[in-house]
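Report on the structure given below.
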Amino acid sequence: MAPTRSMMMDSPSDLNEFVMIQGNGVKGLYEMGLKTLPKQYIQPLEERMSMMTNKVVPQESIPIIDMSNNNNNCDVEDAICDAAEKWGFFQVINHGVPTQVLENVKDATYRFYELAAEEKVKYTKENSPTKHVRYGSSFSPQAEKALEWKDYLSLFYVSEDEAIATWPYACRNEALEYMKKSEALIKRLLNILMKRLNVKEIDETKEAVLMGSKRINLNYYPVCPNHDLTVAIGRHSDVSTLTILLQDQTGGLFVRTEDRRGWIHVPPIPGALVINIGDALQIMSNGRYKSIEHRVTANGSKTRVSVPIFVNPRPSDVIGPFLEVLASDGEKAKYKNVLYSDYVKHFFRKAHDGKMTIEYAKIT
Ligand SMILES: O=C(O)CCC(=O)C(=O)O
Ligand SMILES: [Fe+2]
């Protein structure tokens, strides 16, 4: 029997069957014409953006950095390192990734989600032929206090051949092209950030630990009924070294203020990319660069897509503060050495919980 709207509202197992097992995602819920939010998505009061405790600070903004060659390189470098130290988040323009490549990957995101559920379901945890390709909804359903209004396709990059053989046809060329064309930007950013840490050269070992593996996610946030009662992504910081995020013109990404009392909106800028420091780089820089909490609100009138590239250490790498950072002025290590795959496992074991993940690596 086809599920009805009222079944969906009342029964967690029917909802799970429809969203996850059949692969309809929250996109399917939206397309059913639900007028009220199923209770599984209702977030506790303190997590809702409409609460006073989650004050939006409209006068604040993260830095917007023009990376074009016309600018004094030293100014650009300083702006990037300052932003990484103070905000952990910034936007870049004139970054060298062609606008067409960005437009194409957004179109490809829509193309994937417009596939029939029977097609998308081939990539769920239960069905996917490879653990490197995963289609899902919400974050970590078993662990969450409440579900999130989000569908995702997560693609772990191993090699071009493997990507061509296993990534969904609807989006694989565009996702690969976006990864390839952002490589120079990633290297430039990491070189700049390393210089301030006294790391003079990114040799093979450093390159592996900084950017030895990559994951690209195609996020889809459909229009949401009673959007104030839920979130699209709960508070978290990324476990990456760096994240390169492409967002569309909808808006909804918020970053924690420095005093942790409020949230700053990251305004969409056509052609820009949002860059944020992840936990791995906070650890490697011994806390010099900040991995900041962020979240995404659900939208009551517009569908939103975003495409982050998570630049990560390899799962088998051990990460800890770089010796160059500690040597510079006899600084004490704030973090211990941890196996990166253990760190990531720790992140996925629990619900989105702001900045708690990094406690795992802290020396107390
Ligand atoms: O959609 C966004 O703007 C942010 C996504 C995000 O934070 C993530 O995927 O980790
Ligand atoms: Fe994130």
Side-chain angles (χ1 to χ4, degrees), residues 25-27 47 49 56 61-62 84 87-92 102 105-106 109-110 112-113 134-140 143-144 147-157 175 178-179 182 213-224 227 230-256 263-270 272-282 289-299 302-312 343-344 347-348 350-358:
V26 283
K27 180 171 185 284
E47 296 300 334
M49 207 57 179
V56 176
S61 170
I62 59 167
W87 301 92
F89 255 92
F90 50 98
Q91 305 211 54
V92 289
L102 303 181
V105 77
K106 276 189 273 181
T109 303
Y110 276 100
F112 174 77
Y113 287 99
R134 176 74 53 82
Y135 161 65
S137 193
S138 198
F139 168 61
S140 174
E144 285 297 329
L147 298 179
E148 299 173 337
W149 196 259
K150 163 198 171 185
D151 295 330
Y152 67 89
L153 175 70
S154 189
L155 305 166
F156 185 76
Y157 179 85
Y178 171 38
M179 273 192 150
S182 58
S213 80
K214 281 192 204 140
R215 177 182 292 282
I216 179 166
N217 279 10
L218 310 188
N219 293 328
Y220 188 93
Y221 311 97
V223 175
C224 179
H227 63 102
T230 190
V231 297
I233 305 195
R235 299 176 294 117
H236 69 285
S237 60
D238 294 348
V239 291
S240 54
T241 305
L242 277 186
T243 304
I244 313 292
L245 175 89
L246 170 66
Q247 64 166 339
D248 69 11
Q249 292 306 298
T250 310
L253 170 63
F254 289 84
V255 173
R256 203 47 123 181
W263 295 90
I264 304 170
H265 189 231
V266 179
I269 299 173
L273 289 166
V274 180
I275 310 292
N276 64 287
I277 306 297
D279 292 354
L281 189 51
Q282 176 165 335
Y289 298 135
K290 309 278 184 319
S291 165
I292 299 292
E293 231 182 312
H294 52 285
R295 60 191 303 176
V296 181
T297 53
N299 192 304
K302 273 189 90 180
T303 291
R304 176 173 187 267
V305 296
S306 74
V307 191
I309 296 175
F310 300 103
V311 180
N312 299 321
Y343 190 83
V344 175
F347 174 74
F348 282 107
K350 52 181 193 36
H352 273 153
D353 197 10
K355 283 285 299 171
M356 291 312 284
T357 317
I358 210 158

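In listed order, ligands and their atoms are each counted from 1.
Looking at heavy atoms from C-beta onward, Thr303 lies in side-chain contact with Tyr110 at the 4.5 angstrom threshold. Looking only at side-chain heavy atoms (C-beta outward), Val92 and Phe90 come within less than 4.5 Å of each other.
Protein-derived N/O/S atoms nearer than 2.8 Å to the Fe ion (ligand 2) total 3, waters excluded.
The contact shell of ligand 1, taken as protein residues with any non-hydrogen atom closer than 4.0 angstrom, comprises Asn219, Tyr221, Ile233, His236, Asp238, Leu245, Leu253, His294, Val296, Arg304, Ser306, Pro308, Phe310.
Between Tyr220 and Phe112, a ring centre-to-centre spacing not shorter than 6.0 Å is recorded.
Every residue two or more places apart in sequence or in another chain was checked for a side chain to side chain donor-acceptor pair (under 3.5 Å) with Ser61, and none qualifies. With sequence neighbours left out, Asp238 forms a side chain to side chain donor-acceptor pair (under 3.5 Å) with His236, Thr243, Asn276, His294.
Checking side-chain atoms of Ser306 against main-chain N and O of Leu246 turns up no donor-acceptor pair under 3.5 Å. In this structure, the side chain of Trp149 does not engage the main chain of Thr297 through any donor-acceptor pair within 3.5 Å.
In summary, of the residues considered (Val266, Val307, Leu273, Val274), a side chain to side chain contact (heavy atoms under 4.5 Å, CB included) with Leu245 occurs for Val274 alone. A side chain to side chain contact (heavy atoms under 4.5 Å, CB included) with Ile309 is found for exactly one of Leu242, Asn217, Ile244, namely Ile244.
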